[in-house]
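Here is the structure we will look at.
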Amino acid sequence: MRDMSGTGDDDRRDEDRAAEDARDATPPAHDAPAPGDRSGEGNEDQVNPAETEQFEEFREDLDAVERRIAGEIDPGVRAMVVAGAVFLLLLSLVLPHTGGARGFDVLLGSQAAAAEHVGLPSRIFVWFVLIFGIGFSLLALMTRRWVLAWIAVAGSAIASAFGVFSIWHRQTPGLNNYVGSGPGIGLVLGTLAIMVLTFHWVKVVWSRTALQLAAEEQRRLAAAREEERQRRDRFGKD
């Protein structure tokens, strides 16, 4: 009987030791997620605050660079055509405008221009050629600024109209049926060159305008997506 009771006590001690070992091997309850707990889900959709702050820090710099690029033009191969038209405009000021009056004579109002009875249309034409066709076109080519290209195309368009009017004016009798010299090669060449210049500036400016509109549309879409993302981060998904 003593041996049987001792054996039973040993068995109970073995069972108690096995139970303690099982409890030690079981992980704590707080380490396992609860059945209804979804706090760990969707972590991949959460935005790192440090990355967001870093992006916001450089947002103004990125916007400034984007605005600078949007304000520039890229004439491409048309730059050679524009430069050639500007050269022809310079040449037209040296060649005869009408009779013995050259383009510079009309520009400065010299005695040769007075002797040829050069009228106001021709004076306006040569000044617009000098300021817009030559001046602003060269500035736009060198700086590639979109605003300067717009000014060049507007002034060149007006100069084209006055060039045609000046040719017609030189073929029309004046006061007391005065008939002066007809349009010279400088006037005809300047009118054709300013027309070509206007056409190519319009193509450059218009293509850049379409690109700017597309860029503005992309910025609006990006801003809408960013606003929606911030709203979802703040209030949670619907």
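Everything quoted here is computed from the prediction, not taken from an experiment.
Residues Arg123 and Val106 meet the side-chain proximity criterion, which asks for heavy atoms closer than 4.5 Å. Taking 4.5 Å as the limit, every side-chain heavy atom of Lys203 sits out of range of all side-chain heavy atoms of Pro75.
Proximity of a side-chain donor or acceptor of Ser156 to a complementary backbone N or O of Val153 within less than 3.5 Å is not detected. Arg170 places a side-chain N or O within donor-acceptor distance of the main-chain N or O of Ser181, the cut-off being under 3.5 Å.
By the criterion of side-chain heavy atoms lying less than 4.5 angstrom apart, applied directly or through intervening Ile, Leu, Val, Met, Phe, Trp or Tyr residues, Leu108 is not grouped with Phe162; the two fall into different hydrophobic clusters. At a threshold of 4.5 Å between side-chain heavy atoms, the hydrophobic network of Ile, Leu, Val, Met, Phe, Trp and Tyr places Val82 and Val77 in two separate groups. Hydrophobic clustering of Ile, Leu, Val, Met, Phe, Trp and Tyr side chains at less than 4.5 Å, counting indirect connections, unites Ile194 with Ile151.
Contact record, Ala112 with Asp105: CB-OD2, 3.9 Å, taken as the closest heavy-atom pair. The minimum heavy-atom distance linking Gly155 with Phe132 is given by the pair CA-CG, 3.4 Å. For the pair Leu95 and Gly186, the tightest heavy-atom approach, listed with the atom from each and the gap, is CB-CA, 3.8 Å. Leu197 approaches Gly133 most closely through the heavy-atom pair CD2-O, 3.3 Å. Taking all atoms of both residues into account, the shortest heavy-atom contact from Ala83 to Leu141 is N-CD1, 4.2 Å.
Counted by atom type alone, Ser122 and His97 present one or more donor-acceptor pairs between their side chains at under 3.5 Å. At a cut-off of 3.5 Å, with distance as the only test, a side-chain donor of Ser137 or Trp201 sits close to an acceptor on the other residue. Judged by distance alone, the side chains of Glu116 and Thr98 never bring a donor and an acceptor atom under 3.5 Å apart.
Applying side chain to side chain contact (heavy atoms under 4.5 Å, CB included) to Val129 and the options Leu107, Ile134, Leu90, Ile124 leaves one that passes, Ile134. Results of the side chain to side chain contact (heavy atoms under 4.5 Å, CB included) test with Leu187 over Ile185, Leu189, Thr191 single out Thr191 as the only residue that passes.
Ring geometry for Phe165 versus Trp168: interplanar angle under 30°, hence parallel rather than tilted (30 to 60°).
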